[in-house]
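Bear in mind the structure is a predicted one, so any value in this text is a computation, not a measurement.
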Amino acid sequence: MVIHCGNGPHRGEHTGPAPIRELVSRHPSLVLIIAHAGLPEYREFAELAAENPHVYLDTTMVGTSYMEQVAPIPRGYPESLAALSHKVVFGTDFPSIPYSYSHQIEVLEGWGLGNQWMRNVLWHTPRELLGVGGFPVEERLDAARTGRTP
């Protein structure tokens with residue numbers, strides 16, 4: 001499930017990290033992709049993804065020139081995502097974006113996290129989530145339920 005749960009651009013009763021932490025604790029096998037990496041609570045949602053096997057972040061608008069004016073990424077944020085390449089998926093909101101499609105890829109490349117990080121974000125992790133490469137989502141969920149690694 002892709003979920004738009006960050007407090008940007010407007011705070012809501014069910015937005016922000018706390019309600020999503022509760023959701024994940026109640027439904028630990030639910031696969032969540034946090035749209036916009038949970039902006040503006042980038043760090044809190046990155047921690048949530050790091051702590052939970054079925055929580056992922058999407059890159060839509062993150063770090064783009066447009067979003068840097070609205071909800072800039074915190075200093076050192078790209079480095080915190082370096083270890084999460086298996087939990088980050090490429091996103092764009094194309095065609096409803098106020099910049100060119102390629103700008104999002106340029107931003108990610110500009111973070112300098114390396115070719116393998118980019119391959120994971122652009123290709124490997126999305127394929128695994130969709131069950132077309134690596135282990136299908138169902139097998140990963142079964143593994144989570146039984147406590148074994150696929």
Side-chain angles (χ1 to χ4, degrees), residues 1-64 66-68 70-74 76-98 101 103-105 107-109 111 113-114 116-150:
M1 169 191 298
V2 176
I3 185 167
H4 198 286
C5 56
N7 280 317
H10 304 288
R11 200 171 283 276
E13 180 182 350
H14 302 289
T15 62
I20 303 309
R21 282 190 182 281
E22 182 180 337
L23 175 65
V24 170
S25 71
R26 290 174 61 194
H27 304 280
S29 63
L30 177 64
V31 177
L32 290 178
I33 302 169
I34 308 297
H36 306 285
L39 71 84
E41 296 94 2
Y42 296 109
R43 289 199 192 281
E44 293 90 339
F45 281 106
E47 290 170 8
L48 187 67
E51 296 165 359
N52 294 279
H54 302 296
V55 176
Y56 297 80
L57 305 172
D58 111 338
T59 64
T60 303
M61 293 190 171
V62 176
T64 63
Y66 174 80
M67 196 49 67
E68 284 297 289
V70 178
I73 60 173
Y77 182 71
E79 290 78 10
S80 66
L81 292 185
L84 293 176
S85 69
H86 64 293
K87 303 301 290 288
V88 179
V89 295
F90 178 66
T92 66
D93 271 3
F94 182 80
S96 301
I97 52 175
Y101 177 88
H103 180 56
Q104 184 73 71
I105 296 173
V107 166
L108 299 178
E109 182 67 25
W111 289 351
L113 300 179
Q116 187 59 50
W117 190 88
M118 289 294 289
R119 280 192 291 274
N120 288 348
V121 170
L122 296 170
W123 181 256
H124 296 298
T125 303
R127 284 178 54 87
E128 285 184 23
L129 276 169
L130 294 172
V132 294
F135 300 101
V137 172
E138 295 82 16
E139 188 173 331
R140 294 173 69 175
L141 293 175
D142 287 342
R145 282 188 215 103
T146 62
R148 66 176 175 77
T149 303

Requested in this report: Flag the pair L48 / P17 as yes when at least one side-chain heavy-atom distance between them is below 4.5 Å, and no otherwise.
Outcome: no
- request: Applying side chain to side chain contact (heavy atoms under 4.5 Å, CB included), run through L32 and L23 and close with a yes or a no.
  value: CA-CA 10 Å; L32 290 178; L23 175 65; 4.0 Å; yes
Side chain to side chain donor-acceptor pair (under 3.5 Å) filter on N120, not counting sequence neighbours, yields S85, Q116
CD of E44 to CD1 of I34, rounded to nearest 0.5 Å, is 12.5 Å
Do the ring planes of Y101 and F94 sit parallel (below 30°), tilted (30 to 60°) or perpendicular (above 60°)?
-> perpendicular
*asked:* Measuring only between side-chain heavy atoms, which start at C-beta, is I73 closer than 4.5 Å to E68?
replied: yes
Rounding to 0.5 Å, atoms SG (C5) and CZ (R21) come to a distance of 11.5 Å
field: Sub-4.5 Å side-chain heavy-atom contact between F45 and L39
entry: no
Hey, are the side chains of M118 and I105 touching, using non-hydrogen atoms and a 4.5 Å cut-off? yes
Notebook entry, point to check: Using 30° and 60° as the class limits, which term best fits the ring planes of W111 and Y77: parallel, tilted or perpendicular?
Noted result: perpendicular
Which of T60, T59, D58, T125 passes side chain to side chain contact (heavy atoms under 4.5 Å, CB included) with F90? Answer is T59
- With no hydrogens and no angle check, is any side-chain donor or acceptor of W117 less than 3.5 Å from a backbone partner on L81? yes
Between H54 and K87 the two heavy atoms that sit nearest each other are N-NZ, 4.4 Å
For V107 and T64, the nearest pair of non-hydrogen atoms, with its separation, is CG2-CA, 3.9 Å
Rounded to the nearest 0.5 angstrom, the CZ-CG distance for R127 and L129 is 12.0 Å
In terms of heavy-atom contacts, A35 and V2 come closest through CB-CG1, 4.1 Å
Close side-chain approach of N52 and P28, heavy atoms under 4.5 Å:
no
Nearest heavy-atom contact between L57 and A49 is CG-CB, 4.0 Å
In short, M67 meets M61 closest at the heavy-atom pair CB-O, 3.0 Å
Separation between CD1 (I20) and CD1 (I3), nearest 0.5 Å, reads 4.0 Å
Heavy atoms of D93 and H36 approach each other most closely as OD2-CE1, 3.2 Å
Rounded to the nearest 0.5 angstrom, the CD-CD distance for E109 and Q104 is 12.5 Å
